[in-house]
Amino acid sequence: MAGEDDDGIAPDLSQLSETEPFATHLELAKRWKQMPDDPDYVDQRLADASQFIREQCPDWRNISRATLERIACELAKDAISSDIQTEGAGFDTTGASNLSVSAGSFSQSMTFANPRGEFYLSKSQRRSLGLGRQRFWSIPQSREAS
């Protein structure tokens with residue numbers, strides 16, 4: 001796991017720095033068999049995903065390390081997949097939401113799910129991070145006389 005000590009024990013989240021990624025390319029490789037063979041690029045996308053999680057979830061230190069690692073990997077994989085898909089078209093498709101190519105009687109079209117490779121949290125990821133939950137509390141409206 002990212003940030004493990006030499007003995008293999010993950011440190012307490014309170015010891016995790018504000019910039020340390022929740023996962024590295026090694027953790028993502030365990031979850032994605034066809035991960036690109038560019039560890040620096042993958043680690044940067046994981047660092048970006050980790051920062052995105054911190055921005056969206058101010059209470060990230062109260063979330064388990066395993067959950068943060070899993071969601072960082074999911075976000076990075078989605079963004080990297082989008083990068084690969086748009087680059088695979090053979091020309092710049094940055095920002096395009098769909099693509100149609102025709103040659104004679106043959107045509108092919110595709111719609112990009114995340115054309116800009118932006119990070120976004122799914123409903124289940126938001127639930128795992130404790131986001132969107134309603135909170136209830138009450139404030140006493142009267143004071144007792146002393």
Side-chain angles (χ1 to χ4, degrees), residues 1-140:
M1 188 179 298
E4 284 186 351
D5 296 332
D6 291 336
D7 59 4
I9 298 172
D12 186 318
L13 286 178
S14 63
Q15 302 301 316
L16 191 63
S17 78
E18 292 290 325
T19 58
E20 184 179 347
F22 298 134
T24 68
H25 66 277
L26 299 173
E27 285 85 32
L28 184 56
K30 294 174 189 174
R31 294 171 166 89
W32 189 13
K33 292 183 179 185
Q34 297 181 0
M35 183 183 80
D37 189 24
D38 186 349
D40 291 337
Y41 166 69
V42 172
D43 282 338
Q44 183 58 56
R45 293 304 266 167
L46 285 161
D48 295 343
S50 299
Q51 183 59 35
F52 177 77
I53 293 169
R54 286 182 179 98
E55 291 167 359
Q56 299 299 309
C57 183
D59 293 333
W60 64 271
R61 289 188 187 275
N62 297 323
I63 308 298
S64 77
R65 180 77 186 237
T67 297
L68 293 170
E69 178 183 304
R70 175 182 54 83
I71 294 174
C73 286
E74 291 169 353
L75 292 175
K77 180 183 175 187
D78 288 346
I80 293 168
S81 293
S82 177
D83 293 347
I84 292 169
Q85 185 178 31
T86 56
E87 290 172 5
F91 48 89
D92 188 12
T93 59
T94 304
S97 59
N98 57 52
L99 172 68
S100 212
V101 179
S102 298
S105 63
F106 298 98
S107 67
Q108 180 181 17
S109 64
M110 64 172 54
T111 301
F112 301 111
N114 185 10
R116 297 178 53 88
E118 296 173 340
F119 295 115
Y120 61 91
L121 294 169
S122 69
K123 287 181 183 178
S124 66
Q125 290 166 337
R126 291 179 62 77
R127 273 194 305 273
S128 293
L129 293 172
L131 299 174
R133 292 183 185 159
Q134 293 183 352
R135 300 178 194 265
F136 175 79
W137 68 89
S138 65
I139 300 172

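Nothing fancy with the numbering, it's 1 onward along the sequence. Small disclaimer: the values here were computed from a predicted structure and weren't measured.
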Would you please name every residue forming a side chain to side chain contact (heavy atoms under 4.5 Å, CB included) with [X], sequence neighbours left out?
X: S122; result: S124, Q125
X: R126; result: L121, L131
X: E18; result: R54, W60, R61

Side chain to side chain, [X] and [Y], heavy atoms closer than 4.5 Å:
X: I53; Y: I63; answer: no
X: L129; Y: L68; answer: yes
X: I80; Y: Y41; answer: yes

### Message
I'd like to know if E27 and R31 make a salt bridge, using a cut-off of under 4.0 Å between side-chain N and carboxylate O.
### Response
no
### Query
Is there a donor-acceptor pair under 3.5 Å between the side chain of S102 and the backbone N or O of S107?
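The answer is no, because no donor-acceptor pair under 3.5 Å joins these two groups.
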### Query
Taking it one step at a time, do F119 and R45 satisfy side chain to side chain contact (heavy atoms under 4.5 Å, CB included)?
CA-CA 10 Å; F119 295 115; R45 293 304 266 167; 4.3 Å; yes
### Task
Mark yes when over 12 heavy atoms from residues, nucleotides or ligands other than Q34 sit less than 6.0 Å from its CD; otherwise mark no.
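12 or below, so no.
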### Set of side chain to side chain donor-acceptor pair (under 3.5 Å) partners for Q44, sequence neighbours left out
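If we apply the side chain to side chain donor-acceptor pair (under 3.5 Å) test to Q44, skipping adjacent residues, the hits are D48.
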### Query
Which atom pair, heavy atoms only, marks the closest approach of S50 to A72?
OG-CB, 4.0 Å
